2 protein chains.
Amino acid sequence: MRVDLFAALADPVRREVVELLADGPVTAGVIAERFPVTRPAVSRHLRVLREAGLVEAQVRGQQRVYTLRRAGLAPLEEWLERFRAPVLPADRLDALDTELRRGRRARDTEGERRGTA
Amino acid sequence: MRVDLFAALADPVRREVVELLADGPVTAGVIAERFPVTRPAVSRHLRVLREAGLVEAQVRGQQRVYTLRRAGLAPLEEWLERFRAPVLPADRLDALDTELRRGRRARDTEGERRGTA
DNA sequence: GCACTATGTAACCAGAGGCTTAATTAAAGG
DNA sequence: CCTTTAATTAAGCCTCTGGTTACATAGTGC
């Protein structure tokens, strides 16, 4: 899995391949048919998806059947998790306040005076 | 929002900026300090994040305070949603079966004969 | 106005990545 | 065997993108 998950999903064609595979396993040939690019191009996209852990290929005679690996999306889910839990409004405001003071302090040592005057 | 969300998150620096902002608003200068790249580089990353709807900048004197827009992540959440609900095993197998027949048909018109002979 | 600070834009360069055509590997079947 | 089909790999081209330095813009405070 030497390909970054986010990078793998950055390409629209690859995202569509993932969407396509959500309906069930599909052969490389059929996948290629659905896109306006050549087979080699699709082949490389499939490789990237494989190396990102998003799909799996099983050899079936001379064709490869590609299957979606839903588990491959887990890291993305986990990454998003952090942002789903919003901090309390009061905390947010505190953080903002802190930040503003900090930024002002750098160039305005007596900023407080102006603010309270 | 003329920048693709997935593309915006494909860059590791930009992802780190988003993570950083999860703790609260931060000025452009402070953001720049935390990365081993030059300020102009960070400035461009911030622009991409802005155009992807992931962050917002409010002018505060001569500095810009950047804030995370959690709502900007919604499209990603929605996209992932599709893959959270797995289809029934029986359906999956049917899909595979259908697919294999289809792939074979393309090059082997009398495949049936061979199969039934 | 002038100096200084914070940020962003411009111009340019180098590497990454996606597309194509051509060549290669490998299974099926006469 | 030889041909056909399925798929991948190789080689080359070209664009996109991220990085840098240099410059521009715009607040702040004397």
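The shown structure was predicted, so the numbers you read here are calculated from the model rather than taken from an experiment. Chain letters run A, B, ... following the sequence lines, proteins first and then strands; every chain starts at 1.
- Applying the ring-ring contact (aromatic ring centres under 6.0 Å, His included) test to pairs two or more places apart or on separate chains, those with a residue in residues 6-51 of chain A are A:Phe6-A:Trp79.
- Using modelled atom types, one side-chain atom of A:Arg14 and one backbone atom of A:Ala7 make a donor-acceptor pair closer than 3.5 Å.
- Note: CG (B:Asp11) to P (C:dG15) measures 18 Å, nearest angstrom.
- Not one side-chain nitrogen or oxygen of A:His45 sits closer than 4.0 Å to the OP1 or OP2 atom of C:dG17.
- By the side chain to side chain contact (heavy atoms under 4.5 Å, CB included) test, A:Ala10 pairs with B:Ala10, sequence neighbours left out.
- Judged by distance alone, with hydrogens and angles left aside, the side-chain atoms of B:Arg70 form no donor-acceptor pair with the main-chain N or O of A:Arg84 at under 3.5 Å.
- Legend: residues meeting salt bridge (Lys or Arg N to Asp or Glu O under 4.0 Å) with A:Asp11, ordered by chain and number and at least two apart, are absent.
- Between A:Val26 and A:Val17 the shortest side-chain heavy-atom distance does not fall below 4.5 Å.
- Nucleic acid contact class of B:Tyr66 (heavy atoms, under 4.0 Å, all strands): sugar-phosphate only.
- Within residues 46-56 of chain B, no residue approaches DNA chain D, by heavy-atom distance under 4.0 Å.
- Under the 3.5 Å distance criterion, the side-chain polar atoms of B:Arg82 are left unmatched by any main-chain donor or acceptor of A:Ala22.
- We find that CZ of A:Arg15 is positioned 15 Å from C1' of C:dG18, with the value rounded to whole Å.
- The CZ-P distance, from A:Arg64 to C:dA28, rounds to 11 Å in whole Å.
- Of all the residues in residues 37-44 of chain B, B:Val37, B:Thr38, B:Pro40, B:Ala41, B:Arg44 reach under 4.0 Å from DNA chain D with at least one non-hydrogen atom.
- Two residues are said to be in side-chain contact when any heavy atoms from C-beta on lie closer than 4.5 Å; B:Arg64 and B:Thr27 fail this criterion.
- Counting distance only, with no hydrogens placed and no angle test, the side-chain atoms of A:Gln62 and the base atoms of D:dT5 include a donor-acceptor pair under 3.5 Å.
- Put simply, CZ on A:Phe6 is 19 Å from C1' on C:dA16, counting in whole angstrom units.
- When the options B:Val18, B:Asp23, B:Leu49 are evaluated for a side-chain contact (heavy atoms from CB on, under 4.5 Å) with B:Leu68, the one that passes is B:Val18.
- Here the side chains of A:Val55 and A:Leu21 are in contact, with some heavy-atom distance below 4.5 Å.
- Rounding to whole angstrom units, CD of residue A:Gln63 and P of C:dA27 are separated by 13 Å.
- At its two ends the helix from C:dG1-D:dC30 to C:dG30-D:dC1 runs along axes set 10° apart, each axis drawn from five pairs and the angle rounded to 10°.
- Checked by atom type and distance alone, the side chain of A:Arg39 never pairs as donor or acceptor with a backbone atom of A:Ala32 at under 3.5 Å.
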